Enquirer: 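For reference, the structure I am asking about is given below.
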Amino acid sequence: MATLSVRAFIPPLARRCLPRQSVRRYAVQAPGAPTLEIFSHQHKWMQKERAARNAGASRDVDYLRDEVASRLCERLLDINRHFPNVLDLGANACNIARMLTLPSLDSPDAGPRAQRVGKLTAADSSETLLYRDASLPFNSEIDVHRHVLSTSETLPYEANSFDAVLSSLSLHWINDLPSVLAQVNNILKPDSPFIGVMMGGDSLFELRTSLQLAELDRRGGVSTHTSPLADVRDVGGLLQRAGFNLLTVDVDDIVVDFPDTFSLMKDLQAMGESNAVISREKGGVQRDVLLAAEHIYRALHGNEDGSQPATFRMIYMIGWKPSPKQAKPLERGTGMFSIKDFLEKEGEKKRDGKE
Amino acid sequence: MPGRTRPIDRFAAAAAKCSKEGSAYGKCILADYNNVHKDKCVTEFLKLKECYIVGFGSSWIWTY
């Protein structure tokens, strides 16, 4: 049934809100467990587009993403391989691509990290943010291809096509994390790593607690101002459920000091990381609450020099797609050597050496 | 945007001027922060808010 489409005449922002096809369908129960929708993709997309439109302000707040992307790249370089085809899932402003063009921190003279990487596909749902730095000089130093995803939860790639999948600071806005991780597992070649980092656990607990206390005092209840985040112990289970092998999960706290709460909030907004929880209270935070939160933050968490710390907890995860060739743990009881004896001997040696 | 002060910046500037009232309010909340209820520190907050409105200027619209 061919229908005449007027889609092309609708402005882009409104087009995003409309369903792709206006075809009637039968209402059917979706198979499997229904996904709980926590974050509004529409809203997140809009926040990122708006933030990236002001390129100057958006670049000013790249400090966190650049630092995390740099640490992620170091983890990639720990794997002694060449990666011809790499996907950067949720690339934001291609921070990973830029960090790959810099030399490694461990060996500053060895040339850019990008020597180890062939083609890099940077995928993100926000077009403006993705192309923000497309005209900067680093683009010529690495083979980066930008790809705008229509939704951040479906990956339109062939199975077994990538030698590594990276993801930096975007997984915390995904509703259906098990499904996305399973898709990542599917598009990876056998025996290839997925290296991701997401905001998790106690990130921004200072802001969370002071807003809660402020709302309790001013309004007598709390509403959602910060996202629910995955915890370290959830991440291992998630990776395992998605079918990854040889998991490594570790945590890294980055504490940034801000002059006041408003600077923190402004920076979060410029990053496009404002609240996008569906059940959030629409509209901004009440001024009463904002005023109260600022002073509670200062009293509860403030440093002695008057600045206010904000903790970002990064959860790094590495998982490998299973392959028959992969190294496997030996069976129980086949060990020929006791680690206990070894450690005791080493301890004795050290003690003798000191005395 | 150049040449335009965002409301949040004016807000922050006014907030910085009321550190005395602010710390009094903060201390009141922290005194027993496991048991905060509505209007627990209303007197301290009203003092803070008064100082604030003075600092922010006449165009301040307080929204509830």
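In this text, all values refer to a predicted model and were calculated from it rather than measured experimentally. Numbers restart at 1 for each chain; the letters A, B, ... are given by sequence-line order, proteins then strands.
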Enquirer: In terms of heavy-atom pairs under 4.5 Å, which option from A:Arg298, A:Arg219, A:Met265 contacts chain B the most?
Expert: A:Arg219
Enquirer: Nearest 0.5 Å, please: how far is CG in A:Leu300 from NZ in B:Lys27?
Expert: 13.5 Å
Enquirer: Any chance you could measure A:Ile296, atom CD1, to B:Ser23, atom OG, to the nearest 0.5 Å?
Expert: 12.5 Å
Enquirer: Is the terminal nitrogen or CZ of A:Arg287 (NZ for Lys, CZ for Arg) located under 6.0 angstrom from the six-membered ring centre of B:Phe11 and within 45° of that ring's axis?
Expert: no
Enquirer: Any side-chain heavy-atom pair from A:Arg218 and B:Asp39 closer than 4.5 angstrom?
Expert: yes
Enquirer: Apply side chain to side chain contact (heavy atoms under 4.5 Å, CB included) to A:Glu127 and list each qualifying residue two or more places apart in sequence or on a separate chain.
Expert: A:Glu49, A:Tyr131, A:Val148
Enquirer: Report, by ascending residue number, the residues of residues 253-262 of chain A in heavy-atom contact with chain B at a distance under 4.5 Å; give 'none' if the set is empty.
Expert: A:Asp260, A:Phe262
Enquirer: What pair of heavy atoms forms the shortest contact from A:Ala299 to B:Gly26, and how long is it?
Expert: CB-CA, 3.8 Å
Enquirer: For the CG atom of B:Leu30 and the NE2 atom of A:His301, what is their distance to the nearest 0.5 Å?
Expert: 8.5 Å
Enquirer: Rounded to the nearest 0.5 Å, what separation is found between the SG atom of B:Cys28 and the NE2 atom of A:His295?
Expert: 13.5 Å
Enquirer: Kindly compute the distance separating OH (B:Tyr33) from CG (A:Asp217), expressed to the nearest 0.5 Å.
Expert: 16.0 Å
Enquirer: So do B:Ile8 and A:Lys266 actually touch side chain to side chain, heavy atoms under 4.5 Å?
Expert: yes
Enquirer: Within the structure provided, determine whether A:Leu216 and B:Lys38 are in side-chain contact (heavy-atom separation under 4.5 Å).
Expert: no
Enquirer: Which answer fits B:Tyr25, side chain, backbone, both or neither, if we ask what part of it has an atom under 4.5 Å from a heavy atom of chain A?
Expert: side chain
